[in-house]
Student: 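Can you read through this structure? Questions will come right after.
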Protein chains: 2
Amino acid sequence: MSVKIPNRIILPEDKVPQQWYNLRADMVNKPAPLLSPATGEALKAEELTPVFCEELVKQELDDTTPYIDIPEEVQEYYRTFRPAPLHRAYRLEQALDTPARIYFKFEGNNTSGSHKLNSAVAQAYFAKKQGLKGLTTETGAGQWGTALAMACTHFGLPLTVYMVKGSYLQKPYRRSVIQTFGAEIIASPSDTTNAGRGILAKRPGTTGSLGCAISEAVEKAVTTEGYKYVLGSVLNQVLLHQSVIGLEAKEAMELVDEYPDVVVGCAGGGSNLGGLIAPFMQDKLLGRANPRIVAVEPASCPSLTRGRFVYDFCDTAQITPLAKMYTLGCGFIPGANHAGGLRFHGMSPLLSQLYHDGLMEAISREQTNVFAAAALFSKAEGILPAPESAHAIRGAIDEALACKESGEAKVILFGLTGTGYFDMSAYEQYLGGTMTDEIPTDEELRSFEG
Amino acid sequence: MSVKIPNRIILPEDKVPQQWYNLRADMVNKPAPLLSPATGEALKAEELTPVFCEELVKQELDDTTPYIDIPEEVQEYYRTFRPAPLHRAYRLEQALDTPARIYFKFEGNNTSGSHKLNSAVAQAYFAKKQGLKGLTTETGAGQWGTALAMACTHFGLPLTVYMVKGSYLQKPYRRSVIQTFGAEIIASPSDTTNAGRGILAKRPGTTGSLGCAISEAVEKAVTTEGYKYVLGSVLNQVLLHQSVIGLEAKEAMELVDEYPDVVVGCAGGGSNLGGLIAPFMQDKLLGRANPRIVAVEPASCPSLTRGRFVYDFCDTAQITPLAKMYTLGCGFIPGANHAGGLRFHGMSPLLSQLYHDGLMEAISREQTNVFAAAALFSKAEGILPAPESAHAIRGAIDEALACKESGEAKVILFGLTGTGYFDMSAYEQYLGGTMTDEIPTDEELRSFEG
């Protein structure tokens with residue numbers, strides 16, 4: 001007799017990962033190195049440490065060590081909100097009338113409201129350990145800014161957050177949360193940096209972009225004594241920290257004798273997707289299994305599906321290193337009607353390489369379609385998803401509907417990265433029927449190419 | 001060698017309660033019965049069923065059965081968000097430099113954002129089982145309305161929510177969440193009921209109160225075919241369902257060989273407090289232990305500390321039964337500057353009786369003082385508390401500071417009922433220094449007495 005799989009699976013303590021998994025160690029084609037814009041040469045550690053913490057630079061450049069110990073201080077913080085649960089979405093399956101078995105890894109049950117805390121804790125810890133005086137960063141939808149504010153408060157580090165102006169205005173209460181955790185928050189582009197002033201002069205009415213905010217945060221870090229800059233996505237080190245998502249998900253599925261046929265994640269800069277898929281991609285690379293891996297990105301910011309795989313700047317003011325990635329061009333700014341995060345013009349070099357090598361698929365979805373999935377999901381599962389996460393829900397639902405068509409009982413795993421409590425104005429628009437889709441034309445996209 | 005108590009304790013499946021505990025069964029002085037305003041006689045089941053579901057009426061009147069099975073359908077829903085964790089507040093202890101050991105039971109990790117879901121699921125289940133066509137209710141801060149909307153969607157029941165107008169305006173996004181879960185939401189007082197129209201005629205500019213909203217919801221239920229009314233606090237049945245909070249907390253503390261010297265909970269209508277203290281009060285009543293039990297209420301709505309223990313109506317329009325409770329008078333409306341819930345003019349008859357019998361203490365705290373505790377707590381523990389919950393935090397901190405003074409290493413347990421993501425305008429006021437305290441004078445309080 002088979003035992004019913006529970007609605008929510010929480011790993012026992014002895015199954016919780018104590019090491020991060022570094023997917024690069026198992027990749028044949030490693031992600032291309034960051035280049036210096038001045039010399040065109042691959043950047044060395046000593047060229048990165050003026051901007052980043054030393055330990056994080058080491059992690060950024062390490063593409064051979066497969067497992068890296070999670071420091072005890074980081075594990076201790078993790079234990080206040082991890083292990084994160086794996087849910088079996090019985091009610092969603094029922095609502096879709098699909099033979100598919102749907103699982104989701106829920107990373108939203110912490111005050112930052114998302115998976116971002118996994119890397120924030122690690123980065124703040126290494127910064128404190130190095131004896132830094134403070135950190136700067138940028139935030140798009142606000143999840144990363146909140147997470148880093150929490151982590152910095154925990155380790156006693158001052159923090160300045162540049163928040164994309166569009167989100168700053170659209171999410172009035174996000175900044176109060178970040179301020180409650182003691183961080184300074186500035187709407188970007190701002191007049192506090194040369195980069196910001198330059199962008200404002202060129203586009204006075206702009207609602208900003210992650211690229212702009214990165215320029216400002218980096219400039220602020222390198223011009224403030226004892227400060228470094230940290231980033232919540234895109235970088236190899238971030239995907240390394242986020243591997244706890246996938247490691248826990250895989251362990252939890254093993255507990256109930258399941259393995260995914262398809263793994264679906266939302267994709268902005270790649271932090272969640274890279275973490276979620278890490279151990280499953282390892283299985284693929286080592287020939288142990290062959291799950292499909294699907295990235296879902298917004299149609300309004302479609303770096304994988306419509307970008308080019310080239311070296312590009314990570315920021316708008318072109319002060320960062322060059323990264324080889326799928327990119328829409330560093331000047332790209334998603335439409336003002338775009339709700340939520342996933343607004344970075346490029347994609348993690350690591351994920352870009354995997355996608356380029358055919359190890360991963362990518363699709364894009366319009367936001368009204370994404371919010372329809374969010375509304376259906378919240379009623380079925382009783383969890384209000386972030387707009388970002390709803391992209392993965394859309395992708396998973398589409399897979400489940402295909403199973404209904406074909407009669408296949410596939411196992412679908414998706415990443416539910418966070419909650420939408422601060423995105424209610426977007427929900428309001430959707431429920432009120434005033435949400436629209438704004439998809440860039442080919443011509444518009446071409447205009448941003450370098 | 002002693003093993004370090006973990007930051008977060010989650011009960012194993014076999015320790016999760018499968019029965020609710022009915023504290024009344026162990027009380028020598030039972031809570032006084034509800035009276036009919038028409039006859040002055042104790043209400044019988046058949047007089048309550050026109051308003052309430054049959055099974056819930058049975059639970060309301062049952063003061064002898066100590067344990068009541070939780071239906072499997074309710075347990076199944078519980079498993080999507082329960083067991084709720086017990087946290088050891090190490091960082092708060094450190095921040096306060098207290099020898100006390102502080103624990104809190106965190107009930108906010110579900111989309112409703114609070115403990116209210118525990119009773120909402122039960123009530124919606126029994127309503128569905130009875131074959132009802134729909135439900136009505138009221139909500140103050142919005143936690144109960146959200147919880148019931150989730151539960152009603154789950155069981156396929158239409159729901160109309162009357163939301164206190166002050167909160168409706170102060171928390172613009174709460175209604176979108178409730179609407180996302182498919183419920184109709186109306187700001188109270190409204191022109192959709194006689195009760196609402198009457199209150200509006202008398203006090204045109206009123207921001208409403210729970211008492212007004214109850215009048216409207218009850219009227220709507222009894223005038224709509226196939227509908228019944230449900231309530232998220234005050235009633236015996238609600239405290240019964242909420243006993244899972246205390247039962248889980250006690251089990252979790254036993255796992256780490258701890259027992260509280262003091263149990264602290266916030267008190268509005270009494271739903272959380274009654275649930276949290278249930279098994280500890282049982283120990284007291286049966287002479288097994290003697291923990292102190294402390295209710296913390298807002299200074300702006302101080303029913304226990306400044307009310308009278310008399311029979312009073314539960315609503316403003318005086319259409320409900322009379323309940324014997326500590327009350328400020330059914331016409332009482334807390335000041336408009338009051339943030340969050342805990343705005344009911346009375347207190348659960350069960351808790352009122354315990355307080356009257358000297359089994360429980362009560363204190364009141366001003367909201368600026370409460371938000372100071374919330375800000376300190378969120379930085380220390382990385383959880384953003386609801387204003388309601390922050391009253392319990394204030395109480396626990398005050399106990400811990402007293403321990404610092406006396407050098408005693410007391411064990412303090414408090415209930416962290418929910419999260420404050422929809423209360424950011426209140427946090428903004430606090431952080432911006434514009435929050436004020438408004439405490440009713442004795443004269444004002446007297447003017448509301450019946």
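Per chain, numbering begins at 1; letters A, B, ... match sequence-line order. None of the values given here were measured: they were computed from a predicted structure.
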Student: Need one label for His154(B): side chain, backbone, both or neither, based on atoms under 4.5 Å from any heavy atom in chain A.
Tutor: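 Backbone plus side chain of His154(B), per the 4.5 Å heavy-atom cut-off to chain A.
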Student: Mind listing the closest non-hydrogen atom pair of Ser378(B) and Phe181(A) along with its distance?
Tutor: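 Nearest heavy atoms, Ser378(B) then Phe181(A): O-CE2, 3.0 Å.
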Student: Give the minimum heavy-atom separation between Tyr173(A) and Gln170(B), together with the two atoms involved.
Tutor: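 Tyr173(A) and Gln170(B) have their closest heavy atoms at OH-O, 4.4 Å.
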Student: To the nearest 0.5 angstrom, please state how far the CZ atom of Phe106(B) sits from the OG1 atom of Thr80(A).
Tutor: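 One gets 10.5 Å once the value is rounded to the nearest 0.5 Å.
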Student: Using a cut-off of under 4.5 Å on heavy-atom pairs, state which of Gln179(A), Arg174(A), Arg175(A), Arg91(A) scores highest against chain B.
Tutor: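 It is Arg91(A).
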Student: Using non-hydrogen atoms only, which part of Thr180(B) is less than 4.5 Å away from chain A: side chain, backbone, both, or neither?
Tutor: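 Both backbone and side chain of Thr180(B) come within 4.5 Å of chain A.
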Student: I'd like to check Lys379(A) versus Thr153(B) (side-chain heavy atoms, cut-off strictly below 4.5 Å). Are they in contact?
Tutor: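 Answer yes - side chains close enough.
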Student: Minimum heavy-atom separation for Ser176(A) to Met424(B), with atom names?
Tutor: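 Closest approach of Ser176(A) to Met424(B), heavy atoms only: CB-CE, 3.4 Å.
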Student: Side chain, backbone, both or neither: which part of Ser425(A) has a non-hydrogen atom closer than 4.5 Å to chain B?
Tutor: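 Both backbone and side chain of Ser425(A) come within 4.5 Å of chain B.
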Student: Do the side chains of Tyr421(A) and Thr111(B) get nearer than 4.5 Å, heavy atoms only?
Tutor: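 Yes - at least one pair of side-chain heavy atoms lies under 4.5 Å apart.
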Student: If I take atom CZ from residue Arg79(B) and atom CZ from residue Arg88(A), how far apart are they, to the nearest 0.5 angstrom?
Tutor: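 Result: 14.0 Å between the selected atoms.
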Student: I'd like to know which of Ile10(A), Asn7(A), Thr419(A), Asn110(A) tops the heavy-atom pair count under 4.5 Å against chain B.
Tutor: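 Max contact count across the listed options: Asn7(A).
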Student: Chain B: which of Phe422(A), Tyr427(A), Tyr430(A) shares the most heavy-atom pairs with it under 4.5 Å?
Tutor: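 Most pairs with chain B among the choices: Phe422(A).
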Student: Between Leu431(A) and chain B, with a heavy-atom cut-off of 4.5 Å, which part of the residue counts as in contact: side chain, backbone, both or neither?
Tutor: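 Just its side chain gets close to chain B.
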Student: Based on non-hydrogen pairs under 4.5 Å, which of Pro83(B), Ser112(B), Gly420(B) is most in contact with chain A?
Tutor: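 Option with the greatest count: Pro83(B).
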Student: Does Glu13(A) CD have over 12 foreign heavy atoms under 6.0 Å away?
Tutor: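 Counting other residues, nucleotides and ligands, CD of Glu13(A) stays at 12 neighbours or fewer.
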Student: Please determine if Lys4(A) and Glu76(B) form a salt bridge, counting it only when a charged side-chain N lies under 4.0 Å from a carboxylate O.
Tutor: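 Glu76(B) and Lys4(A): salt-bridged.
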Student: Give a yes or no on this: more than 12 heavy atoms of other residues, nucleotides or ligands lie within 6.0 Å of atom CD of Glu254(B).
Tutor: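 Buried by this count: over 12 neighbours within 6.0 Å.
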Student: Which atoms of Pro385(B) come close to chain A, meaning under 4.5 Å heavy atom to heavy atom: side chain ones, backbone ones, both, or neither?
Tutor: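 Contact with chain A involves no heavy atom of Pro385(B) at all.
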